[in-house]
Amino acid sequence: MTTTSVPNQATPPSPLRRAVGITLGVIVALVMAFFLFASLYADWLWYRQLGFDSVLLTQWTARVTMFAIGFVAMAVPVFVSIQLAYRLRPVYARLSSQLDHYQEVVEPLRRLAMWGIPVFFGFFAGFATSAQWESVWLWANRVATGTVDPEFGLDTGFYLFELPVYSAALGFLSAILLICLLVTALVSYLYGAVRIGQRELRISKSARIQLAILAALYLAVQAVSLWLDRYKTLLTEGDRITGASYVDVNAIIPGLTILAIAASIVAVLFLLTAVIGRWRFPLIGTALLIVSSLVVGVAYPWAVTQFQVTPNLERLETEYFQRNIDATKAAYGIDTLEKTDFQAVTDVSPGQLRADADTTASVRIMDPAVISPTIRQLEQYRGYYQFTDPMDVDRYQIDGKSQDAVVSVRELDMSQLGAATSWYNSTLVYTHGYGMVAAKGNDRTADGDPVFFERGIPTAGALTTGEAYEPRIYFGESSPLYSIVGAPDGADDIELDFPRGSEEGAAQTKTTFSGDGGPEVGSMFLRFIYSLKFQSTDILFSDAINEKSQILYDRDPSVRVKKAAPYLELDSDPYPSVVDGRIVWIIDGYTLSANYPYSSIVSLRDAISDTNTTALRVALDDINYMRNSVKATVDAYDGSVTLYAWDDEDPLLEAWQNVYPNTVKPLSEMSGDLMSHVRYPTDLFKVQRAMLGTYHVDDAASFIRRDNAWRTPNDPTQTQPVLQPPYYLTMQMPGQDDPTFSMFTSFIPASEGNTSRNVLMGYLAVDADAGAEDGVKADGYGKLRMLEISADVSVPGPGQVQNTFSSDQTISGQMNLLRQGASEVINGNLLTLPVGGGLLYVQPVFVQASSGTQLPKLRKILVAFGEEVAFEDTLQDALDTLFGGDSGASTEDGAVSPTPTPTPTPTPTEPTTPTDPGAPAIGYEQALEQARQAMLERETALQNGDWAAYGEADRRLTAAIERLLELSEG
């Protein structure tokens, strides 16, 4: 070993400086450790209070275990490789001057490098493997699915649970061996075991053995990886389908088998090199392996595609496309779809809706995406309250009859406190919202407002009678970041309950939280912990915090469920319900996978994005398996989380229950009242409709030809191209005996660009009512029903109907009247209903001020059937007008006498008489026609920039409106 002279060392530091440095280092380390401890301990307190501490312990145990495994698996081989390469180096190697220089630089750091390099790579490997703990734990708790793939005959559980772990393990082993090869080669070169020069490469015996064994192991791992790649072909996304096609089965899979065997042979040749010392055979084998991979992996599949498959696509690919169809339907739960040929009629006649009277009576005319400002104006009471926008849809039994409802809870809006904003108010006073508001979906007042059956502060209505009702909302979608609540018995109440006095002379009613909703924060130590967590010294020094205080945080229902069940993807639409006297949030949880063999991939984000759902964030986007495996509830008062196993046949849920035992309750423990508010989940239905656009066909031939592909129409009420959302509605599908709470959507032909015909091709509905029996799902729940509309008659699609509404001269004239002054017209959701032997469209029309206080009021109803349209004040009038004077159905708003729409009176600048003084007065219809014609001419003049014509048309419009007002007053 080459030695070098040691330079004169500097004067060593004094003992005092060294002690100060060590002390400061220890203090910094202790502070960092305490911050880490505070964070972990706060998490532990939160989970323990919620009753899901086993979830956190499982995660901590799994992460630490996987980190240790990854660290050891990487650090030990790298350390051994470096040690062997160094200890077996040649003692008397002739080195070049350049290598001598390298050794002089490296030698002082050799000991540090021999330990530091393995530790460095070990930490990276540990963090990488700890991130994969869920896959490993799922593999360790895997279950059989009972379904086998059609190519290899393996249980689909192999693809869901095992293949991802085996692939990750092989990738990890490959990384270890590559790093070992690199460090071995580097050390051998630095210390003369490998010498390059004078057009030759010399390798010592020890280095040859070590390098050859590592290369053999690496090739062996690649051989196993190639063998596993055969199974991955069933998960590979192709041009048309996911899964092994004719080319995969007849070219790629055999090719991968050949390459796996060849790689194994080359690995054996490297082992022989370690013994006999000849590199020629393994190097030749490696070259042949590379050439073979190009031939059997690229050239041969290309030839099969070009000369066999392309000219004979349908004959050769039918079997594999059928595999894809069957697997995709099973993976998304659409294999039980019930299809019905629907000969839709487009003609109208009196009494046509008599057989569908129950469905038309339940038509929702209150759009939850429009009326939130109205609810806010009528029910907000104070600026610091707010309601969700859009509102939610539920149903309740009112007087023994199911009533579709538009609902929301009154939550806090802390941004509106204004000058009252302070830590004391935000944390200790304004702690909760108050009460639920529920309105009938199918009714309206004379003024166009919702008809409430639950409202007010204090709460009153059909949901609060006959049982103890807890209206306070401590846990909601807009709750404060954290609140500190609770006090000993007899202490003064400081939490604002609601802004009305329950005692004479009181302006407010106050309360104290009495539940178990968060970790205790009474002791000074716990206050210090949460001061660090929320970076607030007020928690530490506030006198209002006492020994009974609790701190409530992570209060969003979705956040709480996600932390209690981290393996679930949650529905984007949690909704509140009154269940057994408590307001609870109901949230649907999904198990997802991208490893179901032969099932096609869909983007979850794209599938569920529509008018009501935007800006989504999902943990797993590209999926090919989805189940609504869990129904979760979060109590709005105390935040308690309950998970129910909704799909006990889901293998992923079964495996996760093995990972997190005793966290999910069986369905049998779900109460009948809760069951009556459970509904079919929105996001699952959106994903299913995205797949059914293509996979509504049953035979591969039609699938290959793509002669009947559909898509979801865009929302016709929006200016931007965004999908129309599905809607909940109580209705009776053809073939059903009674109306059922359902969700529905429609389909139009799929096409490229803007050439699509907006005509209906299909109509999909799902039974969303789970019944009301304790622990038992209704028989029909989740039943998918598809109406395949006959092509013999053209049924207008949503876009076409919306265009008809906008272009109809009579409707357009009345719409322009509604827009007079500072008014704005809002088209509500365009609903499609299979009634009267055809498809009926219903769209509520709201009017609100274009600025200032906006209060959308229902003013008109648009309806269409075939080519016929009507536009009236109520749904009853609109249907009767549409169907020849008598639709045969009675709607909830039939008894309503709407208040006439107020029309602003303009200030005249010239005489407003529509004709000369001596001319006879015109009637209402003539004045309406003059107003319509004047508006059209005014719009034309405005577009042409003809201001003289614009002024003349505006004067005639003003005169016509004045005449209409006179006639209305008369």
Side-chain angles (χ1 to χ4, degrees), residues 344-348 363 365 367 369-370 610-612 693 710-727 744-763 787 789-819 823-836 838-847 858-872 875 878-879 881-883 929 932-933 935-940 942-943:
V345 300
T346 56
D347 299 328
V348 297
V363 173
I365 57 177
D367 186 350
V370 173
D610 57 25
T611 305
N612 296 336
W710 304 340
R711 70 174 180 87
T712 304
N714 289 332
D715 191 338
T717 66
Q718 303 297 313
T719 57
Q720 299 298 322
V722 59
L723 294 182
Q724 185 180 38
Y727 297 105
F744 62 89
T745 190
S746 56
F747 295 96
I748 62 175
S751 63
E752 301 295 333
N754 298 319
T755 61
S756 174
R757 293 179 63 228
N758 203 282
V759 295
L760 282 189
M761 301 299 295
Y763 184 87
L787 300 182
I789 300 172
S790 173
D792 295 339
V793 63
S794 180
V795 178
Q800 192 177 142
V801 170
Q802 191 71 61
N803 181 72
T804 301
F805 288 156
S806 301
S807 60
D808 184 273
Q809 291 188 356
T810 302
I811 295 175
S812 177
Q814 295 186 56
M815 283 286 197
N816 285 328
L817 285 176
L818 294 175
R819 294 189 182 97
S823 297
E824 177 185 357
V825 174
I826 303 174
N827 290 322
N829 41 214
L830 182 60
L831 308 178
T832 312
L833 296 89
V835 295
L839 280 303
L840 171 70
Y841 287 93
V842 177
Q843 184 175 50
V845 176
F846 299 83
V847 177
L858 180 61
R859 293 302 184 191
K860 293 283 188 177
I861 301 290
L862 285 162
V863 293
F865 193 95
E867 299 297 328
E868 303 297 324
V869 297
F871 188 44
E872 301 294 342
L875 179 60
L879 293 178
T881 300
L882 185 68
F883 290 97
E929 177 60 25
R932 186 191 65 80
Q933 186 64 34
M935 282 187 289
L936 292 175
E937 293 179 4
R938 189 179 67 167
E939 290 296 322
T940 302
L942 179 63
Q943 294 176 1

Just so I know, are the side chains of [X] and [Y] near enough to count as touching, which here means a heavy-atom distance under 4.5 Å?
| X | Y | result |
| --- | --- | --- |
| Val795 | Val759 | no |
| Leu879 | Leu840 | yes |
| Gln843 | Val801 | no |
| Leu818 | Gln814 | no |
| Asn714 | Leu723 | yes |
| Phe871 | Met815 | yes |

Could you give the distance from [atom1] ([X]) to [atom2] ([Y]), rounded to the nearest 0.5 Å?
| X | Y | atom1 | atom2 | result |
| --- | --- | --- | --- | --- |
| Gln724 | Thr611 | CD | OG1 | 7.5 Å |
| Glu868 | Thr346 | CD | OG1 | 9.0 Å |
| Leu833 | Ser746 | CG | OG | 11.0 Å |
| Ile789 | Leu839 | CD1 | CG | 4.5 Å |
| Thr712 | Asp610 | OG1 | CG | 9.5 Å |
| Leu882 | Leu862 | CG | CG | 11.0 Å |

Closest approach of [X] and [Y], non-hydrogen atoms and distance?
| X | Y | result |
| --- | --- | --- |
| Ser794 | Arg757 | OG-NH2, 3.7 Å |
| Val793 | Ala344 | CG1-O, 3.1 Å |
| Pro834 | Tyr763 | CD-OH, 3.4 Å |
| Gly836 | Val345 | O-CG2, 3.5 Å |
| Val863 | Phe805 | O-CE2, 3.6 Å |
| Ile861 | Pro844 | CD1-CA, 3.9 Å |

Query raised in the report: Can any side-chain N or O of Asp367 pair as donor or acceptor with the backbone N or O of Asn829 at less than 3.5 Å?
Result: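 Indeed, once roles are kept as given, a pair shorter than 3.5 Å links the two residues.
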Query - Exam field: side chain Asn816 to backbone Ser812, donor-acceptor pair closer than 3.5 Å - result: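 Yes, because the side chain of Asn816 sits within donor-acceptor range (under 3.5 Å) of the backbone of Ser812.
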Query raised in the report: Can you list the residues that meet the side-chain contact (heavy atoms from CB on, under 4.5 Å) rule with Ala791, with sequence neighbours excluded?
Result: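 Expected list: none.
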**Report entry** Contacts of type side-chain contact (heavy atoms from CB on, under 4.5 Å), residue Asn758, not counting sequence neighbours
**Finding:**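 For Asn758, the residues satisfying side-chain contact (heavy atoms from CB on, under 4.5 Å) (neighbours in sequence not counted) are Ile748, Pro798, Gln800.
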Query raised in the report: More than 12 heavy atoms of other residues, nucleotides or ligands under 6.0 Å from CD of Glu824: is that the case?
Result: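 Enclosed: over 12 neighbouring heavy atoms sit under 6.0 Å from CD of Glu824.
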Requested in this report: May I ask you to decide if the ring planes of Tyr727 and Phe744 are parallel, tilted or perpendicular, using 30° and 60° as cut-offs?
Outcome: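 Rings of Tyr727 and Phe744: tilted, as their planes differ by 30° to 60°.
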Query raised in the report: Does the separation of the ring centres of Phe883 and Phe865 fall below 6.0 angstrom?
Result: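 Aromatic pair counts; centres sit under 6.0 Å.
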